[in-house]
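Here is the structure we will look at.
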Amino acid sequence: MELKNFDPEITDAIQGEAGREENTLNLIASENYPSKAVLAAQGSLLQNKYAEGYPHRRYYGGCEFVDKVEEIAVDRAKKLFGSDHVNVQPLSGVPANMATFFSLANFGDTIMGLALPHGGHLSHGYSVSFSGKWFKSVNYQVERDTETLNYSNILKLAEAEKPKIIICGASAYSRKIQFDKFREIADKVGAYLVTDMAHIAGIVAAGLHQSPIPYADVVTTTTHKSLRGPRSAMIMCKSKWAENIDKWVFPGIHGGPHMHTIAAKAVCFKEALEPEFKGYINQVLLNAKTFENEFKKLGYRLVADGTDTHLLLVDLRSKKITGRDAEDVLTKASIIVNRNTIPYDPEKPLITSGIRIGTPAATTRGMKEPEIKKICNWIDKILTNPGDENTIKKVGTEVKELCKSFPVYNK
Ligand code: DSN
């Protein structure tokens with residue numbers, strides 16, 4: 001029986017979300033809209049198959065087709081990123097990091113990643129995450145004046161703390177990360193280097209950000225952010241780590257791989273290997289630069305003075321509005337962003353002084369510089385008059401009109 005006939009409640013929720021995605025402007029830096037081809041693979045009957053193990057070494061019969069799927073995904077990922085070894089089975093970013101850290105370090109060893117309030121990720125050593133509980137976690141921060149990474153200071157901390165693993169990569173860092181410099185630091189202190197490139201994987205795939213592959217022992221990434229694939233992850237590593245990583249993914253922390261999602265990752269890699277993908281990422285970066293220029297013209301302070309990636313962090317303190325209130329009032333006008341701490345934020349994490357803005361999703365809709373300029377001016381109008389219901393309503397109507405001209409799936 002069709003879903004809509006059997007379960008109208010869930011059908012309504014799915015249709016509601018479809019309407020929300022079409023009619024709101026998504027500026028969440030970690031979200032994107034995969035193609036219908038990716039969604040078709042993700043929603044396919046491959047989800048029925050158990051395939052614990054690896055191609056041709058499974059613990060179940062009947063794996064001949066899913067073996068092909070996994071081999072194709074691995075081959076395409078290797079071609080896309082130039083990695084010696086790829087494991088496409090991790091279900092999501094945190095388990096990818098978990099399998100990686102367990103491969104390289106033991107309980108109680110020291111790991112060192114970027115502090116969460118400075119743009120790092122929960123799984124890079126935050127106290128409430130497995131990574132902060134299982135390991136001794138020390139954090140580096142961005143500098144107070146530049147709000148960027150200072151590699152000499154990171155080296156000093158690494159020399160003092162002697163971490164087993166150094167983690168680089170971020171969730172809210174708008175500048176490029178120099179993976180070669182992290183490698184030098186890791187070599188100087190005898191640490192393993194792990195890069196979590198989840199946010200910038202698409203930019204790396206397009207060759208518009210230095211690739212961590214030559215420098216890091218292990219690279220993890222999600223596949224649904226700038227890479228525009230299904231909600232999932234993968235691990236890439238040098239050959240010497242391959243066996244250990246594979247064992248930690250399965251049977252270490254996972255059971256059966258999600259073969260439908262692996263198929264969707266294969267489709268995503270095929271898309272990212274097409275020449276058009278570079279054009280897409282180029283526009284993602286141009287759109288972020290356009291936001292930077294417009295926000296500066298409008299008198300906003302940007303963390304790290306701007307961006308050279310797909311995201312930027314806007315410090316709202318001069319506008320006398322918190323990140324939480326900005327998120328709420330922008331949502332009323334159908335502009336979706338997330339509140340975000342800024343480095344050395346005086347506000348609590350649930351309140352924050354900033355918002356994070358990203359361009360991958362709007363760019364997937366086809367929006368370019370003229371649309372970004374309009375959006376930035378709308379954001380300013382709302383944040384300058386957060387209590388003015390007429391402004392919110394007027395901007396909301398304009399946002400919806402713009403969204404209609406740039407459909408996501410209703411093309
Ligand atoms: N939650 C993601 C983000 O928004 O950046 C990271 O996993």
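We count ligands from 1, going down the list as the structure has it; atoms in each ligand are counted the same way.
Heavy-atom contacts of Ser171 reach the following atoms of ligand 1: 5 (O), 6 (C) (cutoff under 4.0 Å). Near Arg356, the atoms of ligand 1 lying under 4.0 angstrom from a non-hydrogen atom of the residue are 3 (C), 4 (O), 5 (O). Heavy-atom contacts of Ser30 reach the following atoms of ligand 1: 3 (C), 4 (O), 5 (O) (cutoff under 4.0 Å).
When all heavy atoms of Ala233 and Lys265 are compared, the pair lying nearest together is O-NZ, 2.7 Å.
Ring geometry for Phe135 against Phe130 counts as perpendicular: the plane angle is over 60°, on a 0 to 90° scale with 30° as the lower cut.
Proximity of a side-chain donor or acceptor of Ser405 to a complementary backbone N or O of Glu401 within less than 3.5 Å is detected.
For Arg228 and Tyr280, the positive end sits near the middle of the six-membered ring, less than 6.0 Å away and at most 45° from its axis. Both the sub-6.0 Å distance and the 45° axial angle are not jointly satisfied by Lys36 relative to the ring of Tyr409.
Just one of Lys136, Lys162, Lys164 meets the side chain to side chain donor-acceptor pair (under 3.5 Å) condition when paired with Asp109; it is Lys164.
For atom 5 (O) of ligand 1, the nearest protein heavy atom (residue, atom name, distance) is His199 NE2, 2.7 Å. Nearest protein heavy-atom neighbour of atom 7 (O) of ligand 1: His121 NE2, 3.0 Å.
Look at Lys225 and you'll find a heavy atom under 4.0 Å from some atom of ligand 1.
Within the 4.0 Å cut-off (strictly below), no protein heavy atom is located near atom 1 (N) of ligand 1.
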